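Convention: sequence-line order gives letters A, B, ...; per-chain numbering from 1. Nothing here was measured: the structure is a model prediction, and the numbers come from that model.
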There are 2 protein chains.
Amino acid sequence: MTRNVRSYGHFCVTARALESVGDRWSLLVIRDLLTGAKRFTDLMDRLAGITPKTLSQRLDELADTGIVVADRAPGRREVWYHLTPAGADLGPVIDDLNWWGLRHAWRWPQAGEPLHAEHLLRCAIQAIDLAAGSREPARWHFRIGGADYLAESDGHQWTLTAGAPPDAADVTITATTQSLIALIFAGSDAGIDITGAPGPVRRFREEIGTLATVVGPAQARSGSVWP
Amino acid sequence: MTRNVRSYGHFCVTARALESVGDRWSLLVIRDLLTGAKRFTDLMDRLAGITPKTLSQRLDELADTGIVVADRAPGRREVWYHLTPAGADLGPVIDDLNWWGLRHAWRWPQAGEPLHAEHLLRCAIQAIDLAAGSREPARWHFRIGGADYLAESDGHQWTLTAGAPPDAADVTITATTQSLIALIFAGSDAGIDITGAPGPVRRFREEIGTLATVVGPAQARSGSVWP
DNA sequence: CTGGATCCATGATGATACTG
DNA sequence: CAGTATCATCATGGATCCAG
């Protein structure tokens, strides 16, 4: 296998960190594993445009560096990739990049641009976090096209994890990716089911559209919402 | 010119951020500009191994993205590159990478490995920050081989800036890069001049060696301190 | 079907030399 | 000082194929 061994050769921990995660796609792989373990094809779905060769190579490199572990159980077909504690420590880096991108590299969804519900949720949650509205804890359970996500705020910080929550959430949202887009960007709840106590549901409806308003109106019309 | 226009084409602000700063060397250029404006050759010195072509290309790309500005004064030979506010907003990303690298990608200086005083100071300050010793404000003025740096703590966070401080610092340290290495990694103050009031100087002496102790002793002997 | 590997094309990066 | 020019190499992408 061709292994990317290109290093900077500097005494600088920033450079050394980038030797581990600075290759193309690496941080996006880590981003997708931050919400929970994934299979090879789960990652292929989210990383639209990556080739299996590159994904395979990145996973091997990240495993060598101790950031990712491949869980291969005997007698089980699937391989589940998950982050080590060192890998999970990269969460703040991803969050900062996400935060910077939201403020300085935002663009409305373009026609035909791949848009995965998981990334949209991450972005929407970050916008809510950035806008710093309510600081009350919250637990929102999303069911998007059969996949479950839990967006959770402890009052200080939001986190997004894949999988159904073990115990009941405040609000449960059932939607498709398309109807979720319409809800976030246009406030339309057509084809969406939102359940929960009135208070939490009201707060959810107030805050879920934050992403569409936190970006300036000057940028708002430079792109299309509909792929 | 060959311009790197490779994009991910995803609706994801993390991916969009990485389209701006995810190329090889980009974040290291930003790291070096975070301490203040630099000339082309200043950057070449710090980014050992980069070719002038690549540096030129990165600076052009970062200027296109609104992260860097080239200051060309008429009648002046030098071009000074500095960060825009959007570029300065990448500080937390660099700090997090530095922090991750310190904990998970640390290695003692290797023989012949390029080591710039500015990067060593950044790393040493980060280690002090990580160890979370004293939370008192401090201002340390380093004079390393003719270049001035100010390491400053407001009690919560340390910052490193290039250039002499406008007003007096608590401690002034005059050294060469080699003697600074010896001070940080071996506690030796041979060839170093440390001036200031007894209290701040004592604190400086206590904390400057933090980098050498914060990394585990198991790793401590896997490399050489002396290039 | 998942989880890749292989082959080839292309574009980004590196090495070296040179210039306004 | 601040780059450019040329050539070589390597990483990535596209397409296809294969094993369990």
Side-chain angles (χ1 to χ4, degrees), chain A residues 1-10 15 18-29 32-33 37-64 68-82 114 146, chain B residues 1-10 15 18-29 32-33 37-65 68-82 114:
Chain A
M1 171 196 305
T2 312
R3 186 61 57 87
N4 186 359
V5 289
R6 200 189 280 176
S7 76
Y8 291 104
H10 295 179
L18 288 171
E19 289 171 5
S20 296
V21 301
D23 285 328
R24 186 162 161 80
W25 297 107
S26 289
L27 282 169
L28 298 183
V29 171
D32 286 338
L33 293 178
K38 303 278 189 306
R39 293 169 301 179
F40 193 87
T41 43
D42 295 332
L43 293 169
M44 287 293 290
D45 284 345
R46 287 162 174 79
L47 301 167
I50 198 173
T51 62
K53 172 180 175 175
T54 303
L55 178 55
S56 183
Q57 195 174 326
R58 287 297 170 275
L59 287 169
D60 285 344
E61 291 161 5
L62 293 171
D64 284 351
V68 160
V69 167
D71 181 1
R72 302 166 198 270
R76 174 156 54 73
R77 284 179 73 83
E78 314 93 76
V79 181
W80 288 88
Y81 294 94
H82 60 90
Chain B
M1 171 197 305
T2 312
R3 185 62 56 88
N4 187 357
V5 289
R6 199 190 282 176
S7 75
Y8 291 104
H10 295 179
L18 288 171
E19 289 172 5
S20 296
V21 300
D23 285 328
R24 188 163 160 81
W25 296 106
S26 289
L27 281 169
L28 298 183
V29 171
D32 285 338
L33 293 179
K38 302 279 189 303
R39 292 169 300 179
F40 193 88
T41 43
D42 295 332
L43 293 169
M44 287 293 292
D45 284 345
R46 287 162 174 80
L47 301 167
I50 199 173
T51 64
K53 172 181 174 175
T54 301
L55 177 55
S56 184
Q57 193 174 325
R58 287 297 170 275
L59 287 169
D60 285 344
E61 291 161 4
L62 292 172
D64 284 350
T65 323
V68 160
V69 167
D71 181 0
R72 303 167 199 270
R76 174 156 54 73
R77 225 182 133 69
E78 313 95 77
V79 180
W80 288 87
Y81 293 95
H82 60 89

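In terms of phosphate contacts, Tyr81(A) brings no side-chain nitrogen or oxygen within less than 4.0 Å of OP1 or OP2 of dT2(C). Using a 4.0 Å cut-off, no side-chain N or O of Ser56(A) falls inside it from OP1 or OP2 of dG3(C).
Looking at Thr65(B), its side chain does come within 3.5 Å of a backbone N or O of Glu61(B) through a donor-acceptor pair.
Only one option out of Arg72(A), Arg39(A), Lys38(A) pairs with Tyr81(A) in a side-chain contact (heavy atoms from CB on, under 4.5 Å); it is Arg72(A).
No contact: Arg76(B) has no heavy atom under 4.0 Å from any strand.
Counting to the nearest Å, the C1' atom of dT2(C) and the CG atom of Asp42(A) are 11 Å from each other. Between the P atom of dG3(C) and the CE atom of Met44(A) lies a distance of 11 Å, rounded to the nearest Å. Straight-line distance from the CZ atom of Phe40(A) to the P atom of dA5(C): 8 Å, rounded to whole Å. Atom C1' of nucleotide dG3(D) and atom CG of Leu47(B) are separated by 15 Å, given to the nearest angstrom. Regarding Arg58(A), its CZ atom lies at a distance of 12 Å from the C1' atom of dG13(D), rounded to whole Å. The distance between atom CG of Leu59(A) and atom C1' of dG4(C), rounded to the nearest whole Å, is 11 Å. Atoms CD (Glu61(A)) and C1' (dG4(C)) sit 16 Å apart, rounded to a whole Å. If you take CG of Leu55(A) and C1' of dT12(D), they are 13 Å apart, rounded to a whole angstrom.
Residues His82(B) and Leu33(B) form no side-chain contact, since every pair of their non-hydrogen atoms from C-beta on lies 4.5 Å or further apart. No side-chain heavy atom of Leu28(B) sits under 4.5 Å from any side-chain heavy atom of Asp32(B).
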If a protein heavy atom is under 4.0 Å from the base, mark B; if only from the sugar-phosphate, S; if neither, -; do that for nucleotides 14-20 of chain C going 5' to 3'.
BB----B
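Not a single side-chain hydrogen bond (donor to acceptor under 3.5 Å, both in side chains) links Arg24(B) to another residue, sequence neighbours left out. For Thr54(A), the side-chain hydrogen bond (donor to acceptor under 3.5 Å, both in side chains) test picks out Thr51(A), with sequence neighbours left out.
Below 30°, between 30° and 60°, or above 60°: for His10(B) and Trp25(A) the angle between ring planes is between 30° and 60°, a tilted geometry.
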